[in-house]
Engineer: 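Dropping the structure in here first, questions after.
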Amino acid sequence: MIKEIIHAHLLETLDKLGIFHEKEFSVEIPNMVEHGDYSTNCAMILAKENKKAPKALAEDLIKTLKKNKDYKKVEIAGPGFINFYLSAAFFQRIFWEIYKTGVNFSSSDSGKGEKILIEFISANPTGPLNIVNARAAAFGDTLYRVMNRVGYAPAREFYINDAGNQVDILAESLELRLRELHGENIGEFPYEAYHGEYVKHLAQKLNATEGVRVFMMTEKDRMEHLKEFALAEILEMQRNSLERFDVVFDGWVSEKTLRAEGVVEEVLSYLTEADCTFEKDDAIWFASTNFGDDKDRVLMKSDGSITYFVPDLAYHLTKIQRGFTTLIDIFGPDHHGYVPRIKAAFRALGYDEDMLEIIFLQQVNLFESGERVKMSKRAGKIVTMDDLISVVGKDAARYFFIARKANAHLNFDLELAMQQNNENPVYYCQYAHARICSIIKKAKKEKIWPKHFKKEFLSKLNKTEELAIIQKLSDLPELLTLIAIHREPHRLTTYLEELSAMVHKYYARYKIVSPKSKDLSRARLMLLDTVKKTMVIVFDLMGISAPEKM
RNA sequence: GCGCCAGUAGCUCAGCAGGAUAGAGCAGCAGCCUUCUAAGCUGCGGGUCAGGGGUUCGAAUCCCUUCUGGCGUGCCA
């Protein structure tokens, strides 16, 4: 918010002085304190179009800028930067604005109500959710929460891939386990089948309620029955995992349902009408190479069944039909080969391919005692999302998952996440919050906590640390906007760690509650109370709890 | 082979979409609790931003190229 104020003031000044400003310039927080509280590259950027040297232009500007009392000092530095040093009174005024905004602080309408569909996880309903699914859950949900706060109209969806090949294999795996349970010798368990223990559990559960009845059905009925049973069970399992993770979806879209609604045929006919399909080797193909893909893709296999691509494309089209203007898909690391074909389809059907935005999450490596934990889906040796939540807890898991940008590999140190000490950033931040709560409690006990905070108290806030905290608070609205625009929730953790560090340092250096100087105490309490509320906002965006006591 | 992603301190990672002398945390060393939570704070050391070219006032950031690692390259999903 301060950046905007300075930026606006610069524009005003430029106009007043008749300086051209076609090109965009920026206002930034410099890396070094010697470069002021804020700086602008304005003079350097605009030098050319005004046919003046950057420094000369800067001279002209600061003559006028200096008249503003909000700036303690304005100076030219380096190749033509203008550095601003802000007055304490200005920071106090900013803080008062933040304070007055209360719980709505940092929320905005910068998203202009744009309807954005965020699809994530969309795991096969063939087993428990895994670690990458958990990362997607944390990432997608946090992105959703931030977008929601800054004025977009986002929605979260989970696409249930419940009609494909994999589900058949699941049913077959279940049947084998069931036979095994009845003492049948099933020989070696097939390689491509699902080896996980959960299949055995499903077999036991089904056996307990239905016993041999299952085997009295016809082969076809039995497979259908097993499929339905397994799907319902696993879906329930996945939902439960997500619930433990505080991830709620606005919609669950079933592939099977979509197919039943006839969308598959529709998509095929659209593509045919667009004249970009052909027949070869008894299969129907999409000529995706005409639209940038590196090979053509099968739509309908030679056995008459449909590939994954078709209903998925149909699903994406329903998103557009439902009025979403940006479609975000969050994919695991093994799906990027899929992008060109779906983008090609968008192009073929005349949609803007840029409305489909795909974010790739790279893989997650678990480490325990410095050793990488090996996972193998085939062998059923996966550390599940549930395992992880049980071991490290929801807060740490969510935090660690969003602490890295999407397209970086994530090394998840299980021991670190479990530690309850300063090495663990989750606790570092939560502790800062708990500390503030403790101070507030003490202030109330000592009757220093005022009935109402007054603007007058604020003149007491002039320590470097206090002004820095105010500045940090004031960064949040812009940060959230940027996080939403660039889809980078990881920046929340950086922010929170910085803010927490400021709190701990401030705490260590200054006495907050002091009966001898009540107004000063109150000013500081007012600051910390606002920090606390801000932390709660950020914790909530991350889906992490803000404990009052630790 | 081709495509996508990554390479920043011993380790894990930021780096505000081109800004000034590249930052945290951890690990290492030295200090701080009769005082609001020591799950904390203070100080010290640590870098060829993988290598090389280019673009410009200015590059970790953009372009080209080489190297290294991960993933993809099914009529699987």
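Side chains are part of it too, since the values below use all heavy atoms of this structure and drop only hydrogens, waters and symmetry mates. Naming: A, B, ... by sequence-line order, numbering from 1 per chain.
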Engineer: Using the P atoms only, state how far B:C4 lies from B:C63, rounded to an integer number of Å.
Structural biologist: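 Their P atoms lie roughly 12 Å apart.
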Engineer: Which residues satisfy the side-chain contact (heavy atoms from CB on, under 4.5 Å) test with A:Cys437, sequence neighbours excluded?
Structural biologist: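 If we apply the side-chain contact (heavy atoms from CB on, under 4.5 Å) test to A:Cys437, skipping adjacent residues, the hits are A:His433, A:Lys532, A:Glu548.
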Engineer: So, OP1 or OP2 of B:C41: does either fall under 4.0 Å of a side-chain N or O from A:Tyr428?
Structural biologist: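 Yes.
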Engineer: Tell me: CD1 of A:Ile483 to P of B:A17, nearest whole Å?
Structural biologist: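 After rounding, the gap between these two atoms is 13 Å.
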Engineer: What distance, rounded to whole Å, do you find between the two P atoms, one in B:A38 and one in B:G70?
Structural biologist: 46 Å
Engineer: Describe the nucleic acid contact of A:Tyr510 in one word from base, sugar-phosphate, nothing, applying a heavy-atom distance below 4.0 Å.
Structural biologist: base
Engineer: Can you check salt bridge (charged side-chain N to carboxylate O under 4.0 Å, His left out) on A:Lys3 and A:Asp475, steps first, answer last?
Structural biologist: CA-CA 9 Å; A:Lys3 277 185 199 173; A:Asp475 286 344; 5.8 Å; no
Engineer: Looking at B:G74, I'd like to know if its phosphate oxygens (OP1 or OP2) sit under 4.0 Å from a side-chain N or O belonging to A:Lys295.
Structural biologist: yes
Engineer: Quantified in whole Å, what is the P atom distance between nucleotide B:C26 and nucleotide B:U35?
Structural biologist: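 After rounding to an integer number of Å, I get 24 Å for this pair.
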Engineer: Across the strands shown, which category fits A:Asp293 at heavy-atom distances under 4.0 angstrom: base, sugar-phosphate, nothing?
Structural biologist: nothing
Engineer: Which nucleotide wins on minimum distance to the side chain of A:Lys511, given the candidates B:C36, B:C75, B:G70?
Structural biologist: B:C36
Engineer: State yes or no: are the ring centers of A:His336 and A:Phe331 separated by less than 6.0 Å?
Structural biologist: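 Distance test on ring centres: not under 6.0 Å, no.
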Engineer: Select base, sugar-phosphate, or nothing to describe what A:Arg524 touches, counting heavy atoms under 4.0 Å on all strands.
Structural biologist: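 Touches nothing.
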Engineer: Reading RNA chain B from 5' onward, which residue's closest nucleotide shows up sooner: A:Ser514 or A:Ala77?
Structural biologist: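 Looking at RNA chain B, the more 5' nearest nucleotide goes with A:Ala77.
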Engineer: Students often get this wrong, so: under 4.0 angstrom with heavy atoms, is A:Lys505 touching a base, only sugar-phosphate, or nothing?
Structural biologist: sugar-phosphate
Engineer: In whole angstrom, give me the gap between the C1' atoms of B:G23 and B:C57.
Structural biologist: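 Nearest-Å result for B:G23 against B:C57 at atom C1': 25 Å.
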Engineer: Considering every strand and a 4.0 Å limit on heavy-atom distances, what is the contact class for A:Asp281: base, sugar-phosphate, or nothing?
Structural biologist: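 A:Asp281: base contact, heavy atoms under 4.0 Å.
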Engineer: Let me spell it out: for each of A:Ala434 and A:Thr40, pick the nucleotide of RNA chain B with the closest heavy atom. Which residue's pick is nearer the 5' end?
Structural biologist: A:Thr40
Engineer: Look at all strands and tell whether A:Leu299 reaches a base, only sugar-phosphate, or nothing, counting heavy atoms closer than 4.0 Å.
Structural biologist: nothing
Engineer: Could you tell me whether B:A17 is syn or anti, where syn means a glycosidic angle within 90 degrees of zero?
Structural biologist: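 That one's syn.
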Engineer: Contact class for A:Ile512 vs. all strands (heavy atom < 4.0 Å): base, sugar-phosphate, or nothing?
Structural biologist: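 The residue A:Ile512 makes base contact.
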Engineer: Tell me whether the side-chain N or O atoms of A:Thr307 pair up with the base of B:C75 as donor and acceptor below 3.5 Å, since no angle test is needed here.
Structural biologist: no
Engineer: What interatomic distance, in whole Å, is found between P of B:G47 and the corresponding atom of B:A9?
Structural biologist: 10 Å
Engineer: Between B:G45 and B:A30, how many Å separate the two P atoms, rounded to a whole number?
Structural biologist: 16 Å
Engineer: When you check every protein heavy atom under 4.0 Å of nucleotides 2-14 of chain B, what one-letter string (B, S, -) results, 5' to 3'?
Structural biologist: -BBSS-----SSS
Engineer: Between A:Tyr431 and B:A39, is there a side-chain N or O to OP1/OP2 distance below 4.0 Å?
Structural biologist: yes
Engineer: Which way is the base of B:C33 turned, syn or anti, if we draw the line at 90° from 0?
Structural biologist: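 Here B:C33 takes the syn form, which means its glycosidic angle is within 90° of 0.
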Engineer: Go through the N and O atoms of the side chain of A:Asn41 and the base of B:A20, and report whether any donor-acceptor pair is under 3.5 Å.
Structural biologist: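 It does not, because no donor-acceptor pair links the side chain of A:Asn41 to the base of B:A20 below 3.5 Å.
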Engineer: What about A:Asp296: does its side chain form a donor-acceptor pair under 3.5 Å with the base of B:C75?
Structural biologist: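 No, the side chain and the base share no sub-3.5 Å donor-acceptor pair.
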Engineer: Return the nearest nucleotide to the side chain of A:Met44; candidates are B:G19, B:C75, B:C36.
Structural biologist: B:G19
Engineer: When all nucleic acid strands are considered with a 4.0 Å heavy-atom cut-off, which category describes A:Ile169: base, sugar-phosphate, or nothing?
Structural biologist: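 Nothing, no heavy atom under 4.0 Å.
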Engineer: Need one value for A:Phe309: base, sugar-phosphate or nothing, where a base atom within 4.0 Å counts as base even if backbone is also close, heavy atoms only.
Structural biologist: nothing
Engineer: In sequence, state the C-alpha distance, the side-chain angles, and the governing distance for A:Phe401 and A:Phe412, and then conclude on ring pair (Phe, Tyr, Trp, His ring centres under 6.0 Å).
Structural biologist: CA-CA 8 Å; A:Phe401 280 133; A:Phe412 197 114; 5.3 Å; yes
Engineer: Of the listed nucleotides (B:C36, B:G19, B:C76), which one gets closest to any side-chain atom of A:Val513?
Structural biologist: B:C36
Engineer: Using the side chain to side chain contact (heavy atoms under 4.5 Å, CB included) rule, take A:Trp252 and A:Thr257 through it: C-alpha gap first, then chi angles, then the decisive distance, then the call.
Structural biologist: CA-CA 11 Å; A:Trp252 293 72; A:Thr257 310; over 6 Å; no
Engineer: Rounded to whole angstrom units, what separation is found between the CH2 atom of A:Trp285 and the P atom of B:G74?
Structural biologist: 10 Å
Engineer: Is the shortest side-chain N/O distance from A:Arg435 to OP1 or OP2 of B:A38 below 4.0 Å?
Structural biologist: yes
Engineer: Regarding A:Thr307 and A:Arg297, do their side chains bring together a donor and an acceptor under 3.5 Å, going by distance alone?
Structural biologist: no
Engineer: Which of the following nucleotides, B:C75, B:A20, B:G19, is nearest to the side chain of A:Lys301?
Structural biologist: B:C75
Engineer: Closer than 4.0 angstrom, basic N to acidic O: yes or no for A:Glu465 and A:Lys505?
Structural biologist: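 Between A:Lys505 and A:Glu465 there is no salt bridge, as every charged N stays at least 4.0 Å from the carboxylate O atoms.
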Engineer: Which whole number of Å gives the distance between the C1' atom of B:G72 and that of B:G53?
Structural biologist: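 About 30 Å, rounded to a whole number of Å.
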Engineer: For this output row, return yes or no: ring centroids of A:Phe360 and A:His335 closer than 6.0 angstrom.
Structural biologist: no
Engineer: Tell which nucleotide pairs with B:U55, taking only Watson-Crick or G-U wobble pairs whose two distances are both under 3.5 angstrom.
Structural biologist: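 Partner of B:U55: none.
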Engineer: Surrounding OH of A:Tyr510 (heavy atoms of other residues, nucleotides or ligands, distance under 6.0 Å), is the total greater than 12?
Structural biologist: yes
Engineer: Could you check which nucleotide pairs with B:G23 in any of the strands shown, counting Watson-Crick or G-U wobble with both distances under 3.5 Å?
Structural biologist: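 Partner of B:G23: B:C13.
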Engineer: Under 3.5 Å for both donor-acceptor distances, Watson-Crick or wobble: does B:G74 have a partner, and if so which one?
Structural biologist: none
Engineer: Does A:Glu255 reach a base, just sugar-phosphate, or nothing at all? Heavy atoms under 4.0 Å.
Structural biologist: nothing
Engineer: Find the partner of B:G28: check Watson-Crick (N1-N3 plus N6-O4 or O6-N4) and G-U wobble (N1-O2, O6-N3) distances, both under 3.5 Å, and reply none if neither fits.
Structural biologist: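 Matched B:G28 with B:C44 under the 3.5 Å cut-off.
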Engineer: For A:Tyr38 and A:Leu86: C-alpha separation, side-chain torsions, deciding distance, then whether side chain to side chain contact (heavy atoms under 4.5 Å, CB included) applies.
Structural biologist: CA-CA 8 Å; A:Tyr38 289 86; A:Leu86 308 188; 3.7 Å; yes
Engineer: Taking the side chain of A:Met550 as heavy atoms from C-beta outward, which of B:C16, B:C36, B:A39 is closest to it?
Structural biologist: B:A39
Engineer: For A:Glu157, what residues pass the side-chain contact (heavy atoms from CB on, under 4.5 Å) criterion, not counting sequence neighbours?
Structural biologist: A:Leu117, A:Val253, A:Tyr315, A:Arg322
Engineer: Just call it for A:Glu478: base, sugar-phosphate, or nothing, with non-hydrogen atoms closer than 4.0 Å on any strand.
Structural biologist: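 If one applies the 4.0 Å heavy-atom cut-off, A:Glu478 turns out to touch nothing in the nucleic acid.
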Engineer: With a 6.0 Å cut-off on ring centres, are A:Tyr431 and A:His504 close enough?
Structural biologist: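 They qualify: ring centres under 6.0 Å apart.
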Engineer: Return the value, rounded to whole Å, for the distance between atom CG of A:Asn31 and atom P of B:A24.
Structural biologist: 10 Å
Engineer: Heavy atoms under 4.0 Å, any strand shown: does A:Asp282 hit a base, just sugar-phosphate, or nothing?
Structural biologist: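 Answer is nothing: A:Asp282 stays at 4.0 Å or more from every strand.
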Engineer: Classify A:Glu548 by what it touches in the nucleic acid, base, sugar-phosphate, or nothing, heavy-atom distance under 4.0 Å.
Structural biologist: base
Engineer: Does A:Ser39 reach a base, just sugar-phosphate, or nothing at all? Heavy atoms under 4.0 Å.
Structural biologist: base
Engineer: Between B:C49 and B:C62, how far apart are the two P atoms, rounded to whole Å?
Structural biologist: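 These two P atoms come out 16 Å apart once rounded.
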